[in-house]
Amino acid sequence: LIVGLQAAGCAACLLLALLEYVASRPGVDLPGIAGLKDSGWWILPSPFFPAVLYYGFLWNVQKSRGGVVGDEDAAKAANKKDD
């Protein structure tokens, strides 16, 4: 959940950077994104990138060790279905 939300923050950062790039190009006159021209809003969610890398790494290590929360519950539920 944490990594997913922070990945959404990364996507928002990339979208804002793309919109600022488009708005800053010469000859582009789009009133909807005119406020983003040279605004720097894209850098606001940029701390999500290292957080996604860190928590993604932790999740991957936990998953490889078998310590992901919910795996035991899923295994117990599967065993109960078999009985």
Side-chain angles (χ1 to χ4, degrees):
L1 179 67
I2 292 171
V3 177
L5 291 174
Q6 291 181 341
C10 290
C13 181
L14 293 175
L15 179 65
L16 286 170
L18 178 69
L19 290 174
E20 182 178 346
Y21 174 75
V22 170
S24 298
R25 293 194 50 120
V28 176
D29 189 25
L30 297 172
I33 62 172
L36 291 175
K37 183 177 181 180
D38 300 324
S39 66
W41 278 102
W42 65 273
I43 204 163
L44 186 66
S46 64
F48 286 115
F49 287 103
V52 164
L53 291 174
Y54 176 73
Y55 286 115
F57 175 73
L58 284 181
W59 178 73
N60 195 22
V61 169
Q62 286 178 348
K63 184 178 166 186
S64 68
R65 290 183 181 174
V68 176
V69 176
D71 285 350
E72 294 173 5
D73 295 334
K76 286 179 186 177
N79 287 338
K80 286 183 182 180
K81 283 185 178 180
D82 293 338
D83 293 338

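Heavy atoms only: backbone and side chains are in, while hydrogens, waters and symmetry mates are out.
Here the shortest heavy-atom pairing between Ala7 and Val52 reads N-CG2, 3.5 Å.
Within 6.0 Å of the OH atom in Tyr55, the count of heavy atoms belonging to other residues, nucleotides or ligands does not exceed 12.
Considering only heavy atoms from C-beta on, Phe57 stays 4.5 Å or farther from Leu53 through its side chain.
Under the side chain to side chain contact (heavy atoms under 4.5 Å, CB included) criterion, Leu15 pairs with Leu19, not counting sequence neighbours. Taking Tyr21 as the reference, Arg25 meet the side-chain hydrogen bond (donor to acceptor under 3.5 Å, both in side chains) condition, with sequence neighbours excluded.
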